[in-house]
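Below: one structure, written as structure tokens.
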Amino acid sequence: MRILLVNDDGIDAQGICALYAALGERHECTVVAPDGERSAFSHSLSIHCDVFYRKTDIGYAVSGTPADCVKLGILHLLPARPDVVISGVNNGSNLGSDIMYSGTVSAALEAAYLGVRGIAVSLSHHNAPATFYERAARLVCDNLDAFMRLPVRPETVLNINYPVKADYRGLRFTKAGINLYNDAFVVGDAEGSVRLKGVPVAHDRNDEDCDVELIKKGYATVTPLRLDRNDYDCLEKLKGTDIFG
């Protein structure tokens, strides 16, 4: 299988190195990843500046965003379209509401936009021991054929999170939950600067069957996410409402 590996932590990050080592045993892998940290860049593209890249032993280091890396890899650098784009293993979770900020998940969604299967994989906590990156990479490698056979539409990606604080209990398919934060800006390191600080807030808006809760019990969660973000129920209601008449 031809695999394009991307991430948002940078080409030298533990997670992408773990994926390359595990998947490279059986598959043709090429890394196209940012040349440094690009976390929380979401789906941003570098459309107002040039994007630079340099060849490495395992692929290409890119000056742009995770989504840039996917576009550049598929449309310009790779000699043939990949069968799948795998993004990660991310240093930290991409669960619940955090998905919308994630460069890791957005890279997988960019693959789907270009008609290529996308898979994102993350660890449930930051800066975990190296063995957890290896376990998450092995989980993806051992189950990749099964993931590719799933009845998943081209515009849907799989968002996988692997548990760190609880013993691994298996895979569960589930929906994304909700995260709430008490966001505030605090004084930054440089004069005149501020920095965003978010403290998690406890709430009761999640049921037990969602990624945020299942990861705490030791399950690796697999959440299907769609490019199509329309609220069709709301749209149908609005079509029958004449509020401007």
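Please read all numbers here as calculations on a predicted model, not as lab measurements. The first residue of the sequence shown is numbered 1, and numbering continues consecutively from there.
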Exercise for review: Using the side chain to side chain contact (heavy atoms under 4.5 Å, CB included) rule, take Arg81 and Val116 through it: C-alpha gap first, then chi angles, then the decisive distance, then the call.
Suggested key: CA-CA 8 Å; Arg81 288 173 67 85; Val116 177; 3.3 Å; yes
Check your understanding: Could you go step by step and tell me if His76 and Lys71 meet the side chain to side chain contact (heavy atoms under 4.5 Å, CB included) rule?
Key -> CA-CA 8 Å; His76 185 70; Lys71 273 196 185 298; over 6 Å; no
Exercise for review: May I ask you to check whether over 12 heavy atoms, not counting those of Asp167, lie within 6.0 Å of atom CG?
Suggested key: no
**Study point:** Within 6.0 angstrom of Tyr219 OH, more than 12 heavy atoms from elsewhere
**Key:**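 Result for OH/Tyr219: enclosed.
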Is any side-chain N of the basic residue among [X] and [Y] closer than 4.0 Å to the acidic one's carboxylate O?
X	Y	answer
Asp189	Arg195	yes
Glu25	Arg138	yes
Asp142	Arg26	no

**Study point:** ring pair (Phe, Tyr, Trp, His ring centres under 6.0 Å) pairs, two or more places apart, involving residues 140-196
**Key:** Tyr162-Tyr168
Review point. Tell me, which pairs form a ring pair (Phe, Tyr, Trp, His ring centres under 6.0 Å) where one or both residues lie in residues 2-49, sequence neighbours left out?
Key: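 Applying ring pair (Phe, Tyr, Trp, His ring centres under 6.0 Å) to every pair that reaches into residues 2-49, excluding sequence neighbours, yields nothing.
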With hydrophobic residues grouped by side-chain heavy-atom distances under 4.5 Å, do [X] and [Y] end up in a single group?
X	Y	answer
Val199	Leu196	no
Val85	Val32	yes
Val157	Val70	yes
Leu150	Leu23	yes
Leu95	Leu214	no

Review point. Going through the checks in order, is the side-chain hydrogen bond (donor to acceptor under 3.5 Å, both in side chains) test met by Asn94 and Asn161?
Key: CA-CA 7 Å; Asn94 282 301; Asn161 283 268; 5.4 Å; no
Practice item. Among Thr223, Asn206, Asp207, find the residue that satisfies the side chain to side chain donor-acceptor pair (under 3.5 Å) test when tested with Lys175. Key: Asp207
Are [X] and [Y] close enough that some pair of their side-chain heavy atoms sits under 4.5 Å apart?
X	Y	result
Tyr60	Val31	no
Ile3	Leu144	yes
Val121	Leu19	yes
Val152	Leu158	yes
Leu109	Val105	yes
Thr221	Val212	no
Asp35	Val62	no
Pro34	Asn7	yes

Please answer whether the main-chain N or O of [Y] pairs with a side-chain N or O of [X] as donor and acceptor at a distance below 3.5 Å.
X	Y	value
Ser102	Asp98	no
Ser42	Ser44	no
Asp211	Gly96	yes
Ser122	Ser93	no

Smallest separation among heavy atoms of [X] and [Y], with atom names:
X	Y	result
Cys69	Val6	CB-CG1, 4.3 Å
Glu208	Glu213	O-CB, 3.7 Å
Ser124	Lys165	OG-N, 4.2 Å
Asp9	Asn90	OD2-OD1, 3.2 Å
Ile11	Ile16	O-CG2, 3.5 Å
Thr30	Gly59	CG2-CA, 4.1 Å

Practice item. Any chance you could lay out the side chain to side chain contact (heavy atoms under 4.5 Å, CB included) test for Ile99 and Leu225, step after step, and finish with the verdict? Key: CA-CA 10 Å; Ile99 290 168; Leu225 305 172; 3.7 Å; yes
Straight-line distance of [X] [atom1] to [Y] [atom2], nearest 0.5 Å:
X	Y	atom1	atom2	answer
Ile74	Leu114	CD1	CG	4.5 Å
Thr241	Glu236	OG1	CD	11.0 Å
Lys239	Cys234	NZ	SG	11.5 Å
Arg54	Ser63	CZ	OG	10.5 Å
Glu28	Leu78	CD	CG	8.0 Å
Met1	Met148	CE	CE	5.0 Å

**Study point:** Polar contact flag, side-chain donor to acceptor under 3.5 angstrom, Tyr133-Asn91
**Key:**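 The answer is yes; a qualifying pair exists.
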**Study point:** Thr104-Asp8 side chain donor-acceptor pair, cut-off 3.5 Å
**Key:**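 Per modelled atom types, Thr104 and Asp8 side chains form a pair under 3.5 Å.
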Check your understanding: Mind checking who shares a hydrophobic cluster with Leu180, ILVMFWY linked at side-chain heavy-atom distances under 4.5 Å?
Key -> Ile178, Val201
Check your understanding: Who passes side-chain contact (heavy atoms from CB on, under 4.5 Å) against Ala128, sequence neighbours left out?
Key ->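 Partners of Ala128 under the side-chain contact (heavy atoms from CB on, under 4.5 Å) test: Leu123, Phe132, Val164.
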Check your understanding: What residues form a side-chain contact (heavy atoms from CB on, under 4.5 Å) with Ser46, not counting sequence neighbours?
Key -> Cys49, Val51, Thr65, Asp68
Point to revise | Any residue meeting side-chain hydrogen bond (donor to acceptor under 3.5 Å, both in side chains) with Asp209, in chain and number order, not counting sequence neighbours | key: Thr174
**Study point:** Test log, rule side chain to side chain contact (heavy atoms under 4.5 Å, CB included), inputs Asn230 and Leu235
**Key:** CA-CA 8 Å; Asn230 289 293; Leu235 181 59; 5.6 Å; no
